[in-house]
Number of protein chains: 2
Amino acid sequence: MRQDDSIGFIINQAGRRLSQLLAIRFAAFDLTTEQWSVLSRLCEQDGTSQKDLAVRVGKDQTNITRILDQLERKKLAERRTNPDDRRSFYAFVTDAGRDLQGRLVPIEQEVLASVTEEITEQQATILKELLIRLTNKTNELLQHYE
Amino acid sequence: MRQDDSIGFIINQAGRRLSQLLAIRFAAFDLTTEQWSVLSRLCEQDGTSQKDLAVRVGKDQTNITRILDQLERKKLAERRTNPDDRRSFYAFVTDAGRDLQGRLVPIEQEVLASVTEEITEQQATILKELLIRLTNKTNELLQHYE
DNA sequence: TCAATATAATTGCTATAGCATTTATATGTG
DNA sequence: CACATATAAATGCTATAGCAATTATATTGA
């Protein structure tokens, strides 16, 4: 099988390109797409522990630590101590963070709309569903190595 | 829209997870999935310039330089000077590289087969086709910023 | 021909992914 | 209670992504 036909290659290629396009649009706001993914999640669900945030965003806890560092440096999010467990922190979005997120939402939507222009809404739904099934299966297989 | 529903999030998540699973299986061979992607491409098409290789693998030329450095260090590939243009190099896979690739192919195929176990072959084809269409459109949009 | 421009590859930089280890704090068991 | 074990977060490490700048060499145009 040629590499171009490998589902692994195709998925990663699609993801990288999409991130690249989004990154160009986000550059003016000095925010990376990964910082954006954490910021959005915080806007949806404020005050979760870093561990919990990692699971929800689907990132390693190490990466969450570092992305939160960046968001905190930019005053878009902040850590607050957990009085019940001094090992853990709760992450919160700041007013500036929520404000920025509000300005980025329409840009993300515009980008996503433009890249899916050549496929129908129904196809987009199918695409998402198939990817989610594949990811679930992959997660299941990954668990065998934990 | 919740982040979980964002096509961008879903694609990137799928790609990362798949790479992670493949990485676990490749670890015993001391090869990363990205090194693998370059090595496979070289096996398909030996003796291309780095610039050309970058386009084919869908990576930045900078990354090709560095991944080739790794492959060369591991004696899996080598650069040869281009007599017609002393700025450029041709990249070649070594015997050891071709040998390793041959041993990894069945592993990659097994992993891809296992992650697509929950979907039909027809669905896998649809999935790939939709992703390719999305990537093509994204590439087209990216060109506007070049 | 020679000077301006373009190009192939490299290098330096920041951010991210993921692993192993460390640190601080909790928890659970004798 | 004391000690072993578990857990949350941080840190150190290597590899990768991508941008900007550099270096060496080609090409182009006056």
Side-chain angles (χ1 to χ4, degrees), chain A residues 12-28 30-39 48-55 57-74 78-91 142 145-146, chain B residues 12-28 30-39 48-55 57-74 78-91 142 145-146:
Chain A
N12 275 297
Q13 185 83 336
R16 265 208 312 277
R17 289 290 186 262
L18 195 47
S19 295
Q20 210 175 343
L21 182 58
L22 208 55
I24 288 172
R25 300 295 305 277
F26 280 8
D30 185 33
L31 199 75
T32 69
T33 56
E34 302 307 333
Q35 288 160 19
W36 154 261
S37 76
V38 173
L39 183 64
T48 50
S49 71
Q50 294 184 204
K51 180 188 168 66
D52 200 46
L53 190 57
V55 173
V57 182
K59 288 187 190 299
D60 197 78
Q61 224 175 300
T62 305
N63 298 326
I64 291 296
T65 291
R66 282 162 183 146
I67 292 175
L68 262 186
D69 285 347
Q70 301 280 358
L71 292 177
E72 216 166 17
R73 188 175 60 75
K74 294 176 183 176
E78 59 186 30
R79 289 171 168 98
R80 292 185 207 157
T81 55
N82 173 352
D84 296 331
D85 186 341
R86 294 193 350 200
R87 291 170 305 181
S88 86
F89 293 96
Y90 289 140
L142 277 169
Y145 297 98
E146 268 174 14
Chain B
N12 275 298
Q13 185 84 337
R16 266 208 312 278
R17 289 291 186 259
L18 195 46
S19 296
Q20 212 175 341
L21 182 58
L22 208 53
I24 288 172
R25 300 294 306 275
F26 280 6
D30 186 32
L31 199 76
T32 68
T33 56
E34 301 308 334
Q35 288 161 18
W36 153 261
S37 78
V38 173
L39 183 64
T48 50
S49 72
Q50 295 183 205
K51 182 189 168 65
D52 201 45
L53 190 57
V55 173
V57 182
K59 288 187 188 298
D60 197 79
Q61 224 174 301
T62 305
N63 297 326
I64 292 296
T65 290
R66 281 164 184 147
I67 292 175
L68 262 185
D69 286 346
Q70 301 281 357
L71 292 177
E72 218 166 17
R73 187 174 60 76
K74 295 176 184 177
E78 59 186 32
R79 289 172 168 97
R80 293 186 206 156
T81 55
N82 172 351
D84 296 331
D85 186 340
R86 295 191 353 200
R87 290 170 305 180
S88 88
F89 293 97
Y90 288 139
L142 278 169
Y145 297 99
E146 270 174 10

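What you are looking at is a predicted structure, and each value in this text was computed from that prediction instead of being measured. Per chain, numbering begins at 1; letters A, B, ... match sequence-line order. All values below come from the heavy atoms of this structure, side chains included, with hydrogens, waters and symmetry mates left out.
With sequence neighbours excluded, the residues that form a salt bridge (Lys or Arg N to Asp or Glu O under 4.0 Å) with A/D85 are A/R87. Applying the salt bridge (Lys or Arg N to Asp or Glu O under 4.0 Å) rule to B/R73 yields no partners; only residues at least two apart in sequence or on another chain are considered. For B/Y90, the ring-ring contact (aromatic ring centres under 6.0 Å, His included) criterion is met by no residue, not counting sequence neighbours. Remark: B/R79 engages B/D69, B/E72 in a salt bridge (Lys or Arg N to Asp or Glu O under 4.0 Å) (not counting sequence neighbours). Scanning for side chain to side chain contact (heavy atoms under 4.5 Å, CB included) contacts around B/Q35 gives B/L31, B/T32, B/I67, B/Q70, B/L71, B/K74, with sequence neighbours left out. With sequence neighbours left out, B/R25 forms a side chain to side chain contact (heavy atoms under 4.5 Å, CB included) with A/Y145, B/I107, B/E110, B/V111. Under the salt bridge (Lys or Arg N to Asp or Glu O under 4.0 Å) criterion, A/R66 pairs with no residue, sequence neighbours left out.
Residues A/R73 and A/T62 both approach DNA chain C. Their nearest nucleotides, taken by heavy-atom distance, put A/R73 toward the 5′ side. Map A/L68 and A/R17 each onto its nearest nucleotide of DNA chain D; the residue landing nearer the 5' end is A/L68. Checking A/K51 against A/I24, the closest nucleotide of DNA chain D that is more toward the 5' end is the one next to A/K51.
Atom CZ in B/R66 sits roughly 10 Å away from atom P in C/dT10 (whole-Å rounding). If you measure from atom CZ of B/R25 to atom P of C/dC19, you get 16 Å, rounded to the nearest angstrom. One atom, CD of B/Q61, and another, P of C/dT7, lie 12 Å apart when rounded to the nearest Å.
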Nucleotides 24-27 of chain C: which of its N/O atoms have a protein N/O under 3.5 Å away?
{"residue": "C/dT25", "atom": "OP1", "partner": "A/R86", "partner atom": "NH2", "Å": "3.1"}
{"residue": "C/dT25", "atom": "O2", "partner": "A/R87", "partner atom": "NH1", "Å": "3.4"}
{"residue": "C/dA26", "atom": "OP1", "partner": "A/R86", "partner atom": "N", "Å": "3.0"}
{"residue": "C/dA26", "atom": "O4'", "partner": "A/R87", "partner atom": "NH2", "Å": "3.4"}

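Counting non-hydrogen atoms under 4.0 angstrom, B/T65 reaches a base of the nucleic acid. In this structure, B/I64 reaches neither bases nor backbone, as no heavy-atom distance under 4.0 Å exists between it and the strands shown. In this structure, B/S49 reaches the sugar-phosphate backbone alone: every heavy-atom distance under 4.0 Å involves primed, P, OP1 or OP2 atoms, never a base.
For the atom pair B/L53 CG and B/T65 OG1, the distance stands at 10.0 Å (nearest 0.5 Å).
Nearest heavy-atom pair, A/S37 versus A/K59, reported as atom, atom and distance to 0.1 Å: OG-CE, 3.5 Å.
On the nucleic acid side, DNA chain D contacts chain B at distances under 4.0 Å to non-hydrogen atoms, with the end points of that region at D/dA15 to D/dA26.
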